[in-house]
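See below for the structure under consideration.
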Amino acid sequence: MNIKLNGNNIESNSLFLMDLVLEKGFDPASLVAEVNQEVIRQEAWKSLSLKDGDSIELLSFVGGG
Amino acid sequence: MLDTDNDALRLGDTTFTSRLLTGTGKFASKKQITPMLEASGSQMITVALRRVDPTASEGNILNYIPKSVTLLPNTSGARTADEAVRIARIAREAGCGKFIKIEVITDMQYLLPDNYQTLKATEILAKEGFIVLPYMMPDITVTKQLHDAGAAAVMPLGSPIGTNRGLEMKPMIKMIIETSKLPVIVDAGIGRPSQAAQAMEMGADAVLVNTAIATSGDPSMAGCAFAMAVKAGRMAYLADMADTKTTARASSPLTGFLRE
């Protein structure tokens, strides 16, 4: 299915949000996820199923003033 | 030495004994952040939110901030009130607590804050229970409006972000300090401990220093220097220093025994 991840259109076979995070090689512990502009708590990542056309933002805290 | 620990800074429902806020931007290595916090005694530090960078090498920045230090996520990158609100909600959901530094910037040359969008975001987020610290262009009318909108403090800039030029906005900040019911935290542009001391002597409640500490040759030493300057400035303010005079006033008796 087609998903927009951090602004880029990608093709993914991941069924759940957690699968996508791992597929992309990210460490889930340091991430914040937003699906269609709704923040999804980490506990729900394993059960949140992805749909074609979902817009996903994977964010992390960085240095800033 | 005189103890000033009972002279606490209150922001929302939280009190701080340190009046030096710091930031996590621009450090050569994130590993410098933990010792800097220890050396400076800073109890609140800013962080930012960005799209994840798969090439980041040193891991999660939050791992370098002790739990005893309050996180102040900022909304940098936001160009509208709605974007700032979205970042604030994400930060809170991510477990960063209820403090938020609103930073809405549309001017990309000087990075000056957009007071109108900042005010709109403050109004929304204060209603949602955030402790809102808005970064703002020094303006006493906007300060009053931010107060009415529920801000917990105002953060007028000293000079543009990262310039180290100090209190170029001094007269305006002074007016805010004189008239504001909210704590005043001078943010941005403070490049030297002497400038931080000057802000505190003037009656600012706190200062936020990031670039000057992070880009110094020794962030821990610089952090400590800023902490001491902030404390010295605060104590000078509390001591109610005498006015300057245009003519000399002798400190020693001039009448003596040497001549009639």
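Basis for what follows: all heavy atoms, side chains included, without hydrogens, waters or symmetry-related copies. We name chains A, B, ... by the order of the sequence lines, and we start the count at 1 in each one. In this text, all values refer to a predicted model and were calculated from it rather than measured experimentally.
- B/Lys26 does not touch chain A: none of its heavy atoms, backbone or side chain, sits under 4.5 Å away.
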Derivation of the side chain to side chain contact (heavy atoms under 4.5 Å, CB included) call for B/Phe16 and B/Thr70: CA-CA 9 Å; B/Phe16 300 87; B/Thr70 301; 3.5 Å; yes

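- Your options are B/Leu208, B/Asn74, B/Leu71, B/Ile90, and the one with the most heavy-atom pairs under 4.5 Å with chain A is B/Ile90.
- Ranking A/Asp27, A/Ile40, A/Val39 against chain B, the residue ahead of the rest is A/Val39, based on heavy-atom pairs under 4.5 Å.
- Taken from CG in A/Leu17 to CD in A/Glu34, the straight-line distance is 11.5 Å, to the nearest 0.5 Å.
- The part of A/Ala29 that comes within reach of chain B is its backbone (N, CA, C, O), which places non-hydrogen atoms under 4.5 angstrom from that chain.
- For chain B, the nearby part of A/Leu31 is the side chain; its heavy atoms alone come within less than 4.5 Å.
- Atom-to-atom distance recorded for A/Leu5:CG and A/Glu23:CD is 9.0 Å, nearest 0.5 angstrom.
- The contact between A/Val32 and chain B is made entirely by side chain atoms (from C-beta outward), counting heavy-atom distances below 4.5 Å.
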Steps toward side-chain hydrogen bond (donor to acceptor under 3.5 Å, both in side chains) verdict (B/Thr106, B/Gln117): CA-CA 10 Å; B/Thr106 45; B/Gln117 297 294 330; over 6 Å; no

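- In this structure, A/Met1 places its CE atom where more than 12 heavy-atom neighbours from other residues, nucleotides or ligands lie under 6.0 Å away.
- If you measure heavy-atom distances from B/Ala214 to chain A, you find no contacts under 4.5 Å at all.
- The nearest pair of heavy atoms linking B/Ser42 to B/Val69 is O-CG2, 3.9 Å.
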